[in-house]
Asks: 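Before I ask anything, let me first share the structure, which is written out below as structure tokens.
Order of the sequence lines sets the chain letters (A, B, ...), proteins ahead of strands, with each chain counted from 1.
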Protein chains: 2
Amino acid sequence: MLRMKRVTIEDVARQAGVSIATVSRVVSGSTHVAPMTTAKVQAAINMLGYKPNPIAKHLAGQRTNTIGLIVDEIVGDFFQPMLRGIEQTSSEHGYDLLIHSTRMRRRSGSYPVAEHNTDGIIVFGNSLPLDELRRLYIKQFPMVLMHQTPPSDVHVPCVTIENKRSAQRMVDYLIEQRGYTEIAFLRGPEGNEDSQWRELGFRESMAAHGLKVDDELIGMGGFEEMQAHHTVTQWVRQGKRPRCIFAADDDSALGVLRALKEAGLRVPQDVAVVGFDDIRIASYLSPALTTVRAPIEQVSRVAVETLIQLLEGETPQMLTLLPTELIIRESCGYSA
Amino acid sequence: MLRMKRVTIEDVARQAGVSIATVSRVVSGSTHVAPMTTAKVQAAINMLGYKPNPIAKHLAGQRTNTIGLIVDEIVGDFFQPMLRGIEQTSSEHGYDLLIHSTRMRRRSGSYPVAEHNTDGIIVFGNSLPLDELRRLYIKQFPMVLMHQTPPSDVHVPCVTIENKRSAQRMVDYLIEQRGYTEIAFLRGPEGNEDSQWRELGFRESMAAHGLKVDDELIGMGGFEEMQAHHTVTQWVRQGKRPRCIFAADDDSALGVLRALKEAGLRVPQDVAVVGFDDIRIASYLSPALTTVRAPIEQVSRVAVETLIQLLEGETPQMLTLLPTELIIRESCGYSA
DNA sequence: ACAAATTTTGTAAACGCTTTCAAGATTCTA
DNA sequence: TAGAATCTTGAAAGCGTTTACAAAATTTGT
């Protein structure tokens, strides 16, 4: 590539007839500079089209003004609102955003060197393995977790939603308002924390209503349409037909709906279905999907704000649980 | 924030009893270093947990190993596959990804200093104003445009899809296979290039079949559900009822479907509807939406690859048009 | 075994900026 | 109006790398 000639602070200094230190001061506005000098420097900057080099600034200034986002894989409907929240909040606070997907690097064992090219990172879910998390924690590198609580020896702020409480409220509703007593649950991926809390909420509500949870009706949904479809298809083949299925997320709910349809079962007349997340499709389905609206963008915003507090030496809240909203639509048997 | 003590190349050099130049060489693998020395250095690196500082490397090495992505706003269903393609391809080639949304900065007039913290940028749509584009072009800063062709004086590679041809094929199908002669068109936002090409394809196909385009039936859809809904609702009120509506994108098609439903019109019996993009919802609707599948992730991959060619001094193709696929579903009157 | 060729390593100068320290200019005080 | 106090500016030392260039060590050829 052809290298373009760069305009450096030195060029500006020469043009304006001052020292580079003065130019630096004018640009950053750190110290008072005489008005006439400022004018000269500004003129030189405009004339040369000078843009400070952030890289050099970072090296000298010991900070990068960049926030890192670590995700496993860029996939799913939640991704766009998440990124939107993170990008907006970062840029409002004057930070750039660097994105790292750990999907490929998992096996190679090489992780992004967050500690040097960002001032702090936001870690989504379990995208960063525990030992790397610990390494950074020990170095006191600023970070905030999203949708995943840290292990007990890692004292790092975490922002997520009220998973358990939401699931509980959903099941309360299904039992109390819709009268279902036999409810199946479709788990998310192995070890996924969101899913674990949702399952806990489900179980607690069932218990609180004196209902037994049939372990045969706890299946794997994997937060995926395919997997959920498979599980429910198996159930139907084996003659298991719960009156209601609570899928741990909307994607798996889609699989449930498809499986039921293929089996000739009507929703909600034969089987009621509810999900979690309120992805965009949910309201367009017929029957429209009853679900829990997760405020993903809001979680992202709070995560960034928390990180920035950390960066500015304040002491942020260690655990933030954002409230959700029950979205009652047709798939659970409700009709207006 | 507490500053953590940093391990630098110098610490490693001291620990290993060699010079920093030697350490640099074993880390980068640029020159041959004696096996025994290499071992000593590696041992020191492991013992101290040294991670090279990319910032310093960039400053010294004159490259950042980072690709910038400029978008207007992080919104819409296309965003996730786009980012996915870009992130994956970047990381496969060893580049980091820096994201800039120009949404907020538009008015402030301050744009990301792409030229210094990235090696090159990918510009989506018209997210970067023309004068900024020109400024970077004049500096010979490497960039690639996505879904937007450059002005004639800016000679920069561009990657997009076969908009015109696809629209043409869609309309050919509607006329030839489905027998519609009266087709309305719903435009995207003012000045959107994708939309312009699609409209052109629509008009050419109509003309080629000897059909007249009724200007009353060219409406504004704005690539938005709301706007399209509004336009079609107005049409219906005014007694305009085209036999078929071609929405310039799927989001506006959603608005069309809703408006028709509210007006008591059946799709496809009364009015046929087709869209463009094949967003996820399309196949879940009832009736499922006939549309054109735009290979967004693929476009993104090619854009990154093109940029990397540029970075490596090769001469890439200046215009890449990726083919699409007609997805025929129920909303156009087709039944299996 | 000695010079020549080659391999390996170290020294030091960038890279473009921030910031400390101190000197030079200016303004104020009595 | 001299000396003190305050502004304004410049010199220079980093920040952590890469990379000529050159020196030192090793190998090769005869």
Side-chain angles (χ1 to χ4, degrees), chain A residues 3-42 44-45 48-66 96 113-119 139, chain B residues 3-42 44-45 48-66 96 113-119 139:
Chain A
R3 276 252 63 89
M4 46 224 155
K5 70 168 192 300
R6 310 167 101 106
V7 179
T8 74
I9 200 174
E10 200 160 352
D11 300 322
V12 176
R14 195 176 315 116
Q15 172 74 28
V18 298
S19 74
I20 62 167
T22 300
V23 176
S24 172
R25 286 189 266 253
V26 169
V27 170
S28 68
S30 54
T31 324
H32 228 48
V33 176
M36 226 187 64
T37 314
T38 304
K40 273 194 305 186
V41 172
Q42 279 298 357
I45 288 176
L48 297 168
Y50 168 72
K51 306 263 176 183
N53 181 334
I55 296 290
K57 189 185 307 200
H58 300 162
L59 186 56
Q62 300 293 59
R63 56 198 305 268
T64 63
N65 250 286
T66 301
D96 283 337
V113 269
E115 52 205 302
H116 288 132
N117 49 13
T118 62
D119 291 341
K139 286 192 125 187
Chain B
R3 276 252 64 89
M4 46 224 158
K5 72 167 190 301
R6 309 165 102 105
V7 179
T8 75
I9 200 174
E10 200 161 352
D11 300 322
V12 176
R14 195 177 314 116
Q15 172 72 28
V18 299
S19 74
I20 62 167
T22 300
V23 176
S24 173
R25 285 189 266 254
V26 350
V27 169
S28 66
S30 53
T31 324
H32 231 45
V33 176
M36 226 186 64
T37 315
T38 304
K40 271 194 306 186
V41 173
Q42 278 298 357
I45 287 176
L48 298 168
Y50 167 71
K51 306 262 176 183
N53 181 334
I55 296 290
K57 190 185 309 201
H58 300 162
L59 186 56
Q62 300 293 57
R63 56 199 306 266
T64 63
N65 250 287
T66 302
D96 283 338
V113 269
E115 51 206 299
H116 287 133
N117 51 12
T118 62
D119 291 341
K139 285 193 126 187

Asks: Work out which heavy atom in Ala13(B) is nearest to a heavy atom in Ser19(B); give both atom names and the distance.
Replies: CB-C, 3.8 Å

Asks: Just compare dA12(D), dA20(D), dC15(D) and give me whichever is closest to any side-chain atom of Leu59(A).
Replies: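 Selected nucleotide: dC15(D).
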
Asks: Taking the minimum atom-to-atom distance to the side chain of Ser19(A), which one of dA20(D), dG10(D), dG14(D) wins?
Replies: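 Given the options dA20(D), dG10(D), dG14(D), the side chain of Ser19(A) is closest to dG10(D).
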
Asks: Would you kindly give the CD1-to-C1' distance between Ile20(A) and dA13(D), to the nearest whole Å?
Replies: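 My rounded result for the distance is 11 Å.
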
Asks: Please compare Val7(B) and Thr31(A) by the position of their nearest nucleotide in DNA chain D and report the one closer to 5'.
Replies: Thr31(A)

Asks: Taking any heavy-atom pair under 4.0 Å as a contact, classify Val27(A): base, sugar-phosphate, or nothing.
Replies: nothing

Asks: Of Ala60(B) and Val33(B), whose closest DNA chain C nucleotide lies nearer the 5' terminus?
Replies: Val33(B)

Asks: Taking all non-hydrogen atoms of both residues, which atom of Glu10(B) and which atom of Ile20(B) are closest, and how far apart?
Replies: CA-CG2, 3.8 Å

Asks: Looking across every strand, which nucleic acid part, if any, lies under 4.0 Å from Thr22(A) by heavy atom: base, sugar-phosphate, or nothing?
Replies: sugar-phosphate

Asks: Rounded to the Å, how far apart are His116(A) NE2 and dT17(D) C1'?
Replies: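 After rounding, the gap between these two atoms is 11 Å.
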
Asks: Which distance, rounded to the nearest 0.5 Å, do you find between the NE2 of His58(A) and the CG of Asp96(A)?
Replies: 7.0 Å

Asks: Using the side chain to side chain contact (heavy atoms under 4.5 Å, CB included) rule, take Asn117(A) and Thr66(A) through it: C-alpha gap first, then chi angles, then the decisive distance, then the call.
Replies: CA-CA 7 Å; Asn117(A) 49 13; Thr66(A) 301; over 6 Å; no

Asks: Within the structure shown, what part of the strands sits under 4.0 Å from Pro52(B) by heavy-atom distance: base, sugar-phosphate, or nothing?
Replies: sugar-phosphate

Asks: Check the distance between dG14(D)'s C1' and His58(A)'s NE2 and give it to me in whole angstrom.
Replies: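 Those two atoms, NE2 and C1', are 17 Å apart.
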
Asks: Between Val18(B) and Val23(B), which heavy-atom pair has the shortest distance, and what is it?
Replies: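 Scanning both residues, the minimum pair turns out to be CG2-CG2, 3.8 Å.
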
Asks: Going 5' to 3' on DNA chain C, which nucleotide is the first and which the last to come under 4.0 Å of a heavy atom in chain B?
Replies: dT8(C) to dG16(C)

Asks: In whole Å, I'd like the distance from the CD1 atom of Ile9(B) to the P atom of dC15(D).
Replies: 14 Å

Asks: Within the 4.0 Å heavy-atom criterion, would you say Ala34(B) contacts the bases, only the backbone, or no part of the nucleic acid?
Replies: sugar-phosphate

Asks: Give Ser24(B) one of three labels, base, sugar-phosphate or nothing, depending on what nucleic acid heavy atoms sit under 4.0 Å from its own.
Replies: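 Base, at least one base atom sits under 4.0 Å.
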
Asks: Please report, rounded to the nearest Å, how far the P atom of dT18(D) is from the CD1 atom of Ile55(A).
Replies: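 Between P of dT18(D) and CD1 of Ile55(A): 14 Å.
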
Asks: For Arg14(A) and dG10(D), what is the distance between atoms CZ and P respectively, to the nearest whole Å?
Replies: 14 Å

Asks: What is the separation between atom NZ on Lys57(B) and atom P on dG16(D), rounded to the nearest whole Å?
Replies: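 Taking atom P of dG16(D) as the reference, NZ of Lys57(B) is at 15 Å.
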
Asks: Would you tabulate the side-chain donor-acceptor contacts of residues 50-57 of chain B under 3.5 Å, counting partners in other chains and residues two or more places apart, or write 'none'?
Replies:
unit_1: Asn53(B); atom_1: OD1; unit_2: Ile55(B); atom_2: N; d: 2.7
unit_1: Asn53(B); atom_1: OD1; unit_2: Ala56(B); atom_2: N; d: 3.3

Asks: Rounded to whole angstroms, how far apart are CZ on Arg6(B) and C1' on dT17(D)?
Replies: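 Nearest whole value for this atom pair: 13 Å.
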
Asks: Output the distance between atom CD (Glu115(A)) and atom OG1 (Thr64(A)), rounded to the nearest 0.5 Å.
Replies: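 Spacing of CD (Glu115(A)) from OG1 (Thr64(A)) equals 12.0 Å.
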
